[in-house]
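Computed over heavy atoms, backbone and side chain alike; hydrogens, waters and symmetry mates excluded. Nothing fancy with the numbering, it's 1 onward along the sequence.
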Amino acid sequence: TISENTARDLVKVFPQISSTSIAVAHCGIDANFSPADREEISGFKSKYSITKPYFLLVGERVGWHGYKNGILFFKAFSQLANKFDFDIVCAGGKPVLEPELKLYSSGITVHTLQLSDSELRAAYSGASVLVYPSKYEGFGLPVIEAMACGCPVITSPNGSIPEVAGQAAVYVDGDDVIGLVNALREIQKPGVRNSLITAGLEQAKKFSWSKMAATVSSLLLQVADRAHSENASVQQPTDAGLQGELGNAENSQPVPFAF
């Protein structure tokens, strides 16, 4: 599985599966995701007419039964004292902002964008913060992608997110609007922001596709070796069995040919 949390969930749903038979290979980060320079960020903002600092959301904003929990951000943002100093950038998800979210962003410019990986890198790098209040994740790639790009992260301690983000994110409970308002306020302080950027860059180094590939490759080789050994033990006859077969052959009578 791609996280320890997913492994635990697998055992809960399928109790017949032993936890000892499950291995974890964490997802990695594409090499494209690294801090973009000022020129790249400026070009991205100019292309999409982003004229203010912005808060970033990535992926679906609502999701199945609302589990992506974007509503928490919009509720908190609507209560932010200096909300008109910011734009909101939504990368991915539906091309039109959901009506229930629009209610909380009156008078605010909300950019709903479909971005390439290189543009997403610039979006992460230029954002004031990635807000990712999901109620459940099997891994949570945007969290670690943002960190790799030098973007602070505010998220929720649900599913595999704490396993991925470690101590490098600000955590807010998934229904704590006031907590998120305070986090959005704190993230604007240079000291808090710079500390999170530094911690996030270090956290991101723990994840790579090459590490995942090495883990999966090692596991496949172990499984193949085990299967080969078990197959060999089944096919090879015992000494007693071999002697018995030879004895039967010696004592057997010749079969006459019929013409």
Undergrad: Is it true that the side chains of Glu4 and His26 contain a donor and an acceptor less than 3.5 Å apart?
TA: no
Undergrad: Are Met147 and Leu130 connected, step by step, through hydrophobic side chains (Ile, Leu, Val, Met, Phe, Trp, Tyr) whose heavy atoms are closer than 4.5 Å?
TA: yes
Undergrad: Start with the C-alpha distance between Ser208 and Ile29, add both sets of side-chain angles, then the distance that settles side chain to side chain contact (heavy atoms under 4.5 Å, CB included), and finish with yes or no.
TA: CA-CA 5 Å; Ser208 73; Ile29 311 168; over 6 Å; no
Undergrad: What's the verdict on side chain to side chain contact (heavy atoms under 4.5 Å, CB included) for Asp85 and Asn82, showing C-alpha distance, side-chain angles and the deciding distance?
TA: CA-CA 6 Å; Asp85 294 338; Asn82 64 337; 3.3 Å; yes
Undergrad: Output the distance between atom CD1 (Ile22) and atom CD1 (Ile17), rounded to the nearest 0.5 Å.
TA: 6.0 Å
Undergrad: Mind checking the CZ-CG spacing from Phe44 to Leu120? Nearest 0.5 Å is all I need.
TA: 8.0 Å
Undergrad: Examine distances only and state if a side-chain atom of Gln16 and a backbone atom of Val11 form a donor-acceptor pair shorter than 3.5 Å.
TA: no
Undergrad: Check the pair Leu57, Val89 against side chain to side chain contact (heavy atoms under 4.5 Å, CB included), reporting the backbone distance first and the verdict last.
TA: CA-CA 6 Å; Leu57 289 83; Val89 173; over 6 Å; no
Undergrad: Which pair of non-hydrogen atoms, one from Ala123 and one from Tyr54, has the smallest distance, and what is that distance?
TA: O-OH, 2.7 Å
Undergrad: Distance check, rounded to the nearest 0.5 Å: Ile144 atom CD1 versus Phe207 atom CZ?
TA: 5.0 Å
Undergrad: Let me check something: do Tyr124 and Trp209 share a hydrophobic cluster, defined by ILVMFWY side-chain heavy atoms less than 4.5 Å apart, either directly or through other members?
TA: yes
Undergrad: Let me check something: do Tyr171 and Val164 share a hydrophobic cluster, defined by ILVMFWY side-chain heavy atoms less than 4.5 Å apart, either directly or through other members?
TA: yes
Undergrad: Looking only at heavy atoms, what is the nearest atom pair of Tyr104 and Phe74, with distance?
TA: CB-O, 3.3 Å
Undergrad: First locate atom OH of Tyr136, then atom OG of Ser156, and finally report the distance between them rounded to the nearest 0.5 Å.
TA: 14.5 Å
Undergrad: Ignoring hydrogens and geometry, is there a side-chain-to-backbone donor-acceptor pair from Ser195 to Val192 under 3.5 Å?
TA: no
Undergrad: Within a 6.0 Å radius of atom NZ on Lys52, are there more than 12 heavy atoms belonging to other residues, nucleotides or ligands?
TA: yes
Undergrad: Determine whether a donor-acceptor pair (N or O, by modelled atom type, separation under 3.5 Å) exists between the side chain of Thr112 and the backbone of Val96.
TA: no
Undergrad: Going by distance alone, is a donor N or O of one side chain under 3.5 Å from an acceptor N or O of the other, for Glu202 and Thr198?
TA: no
Undergrad: Who are the side-chain contact (heavy atoms from CB on, under 4.5 Å) partners of Ile197, not counting sequence neighbours?
TA: Pro152, Arg193, Asn194, Leu201
Undergrad: So Val170 and Val153, do their side chains get closer than 4.5 Å, heavy atoms only?
TA: no
Undergrad: Looking only at heavy atoms, which two atoms of Pro53 and Ser128 are closest? And how far apart?
TA: CB-OG, 3.8 Å
Undergrad: How many angstroms lie between CG in Asp175 and CG in Leu72, if you round to the nearest 0.5 Å?
TA: 7.5 Å
Undergrad: Whether the side chain of Lys68 engages the backbone of Ser134 through a donor-acceptor N/O pair (distance < 3.5 Å, no angle test) should be reported.
TA: no
Undergrad: Check the hydrophobic clustering (I, L, V, M, F, W, Y; side-chain heavy atoms under 4.5 Å; chains of links allowed) and say if Ile108 and Ile50 are grouped together.
TA: no
Undergrad: So, are Arg121 and Glu40 salt-bridged, with charged N and O less than 4.0 Å apart?
TA: yes
Undergrad: If we count only N and O atoms by modelled type, under 3.5 Å, do the side chains of Glu119 and Tyr48 hold a donor and an acceptor together?
TA: yes
Undergrad: Please report the closest heavy-atom contact between Ile2 and Met212, naming both atoms and the distance.
TA: CG2-CE, 4.0 Å
Undergrad: Which pair of non-hydrogen atoms, one from Ala36 and one from Ile41, has the smallest distance, and what is that distance?
TA: O-CD1, 3.8 Å
Undergrad: For a quick test of reading the model, state the closest non-hydrogen atom pair linking Ser125 to Ser34 and the distance between them.
TA: OG-O, 3.8 Å
Undergrad: Judged by modelled atom types alone, do Thr6 and Ser3 share a side-chain donor-acceptor pair under 3.5 Å?
TA: yes
Undergrad: Could you tell me whether a side-chain N or O of Thr155 sits under 3.5 Å from a main-chain N or O of Tyr132, the two making a donor and an acceptor?
TA: yes
Undergrad: When hydrophobic residues are tied together by side-chain contacts of less than 4.5 Å, even through go-betweens, does Leu101 share a cluster with Phe84?
TA: yes
Undergrad: Donor-acceptor pair, Thr215 side chain versus Lys211 backbone, under 3.5 Å?
TA: yes
Undergrad: Using side chain to side chain contact (heavy atoms under 4.5 Å, CB included), reason through Asn182 and Leu184 one step at a time and then give a plain yes or no.
TA: CA-CA 5 Å; Asn182 292 333; Leu184 292 171; over 6 Å; no
Undergrad: Nearest 0.5 Å, please: how far is CG in Leu80 from CG in Leu180?
TA: 9.0 Å
Undergrad: Consider only side-chain N and O atoms of Asn5 and Glu137, and report whether a donor and an acceptor are under 3.5 Å apart.
TA: no
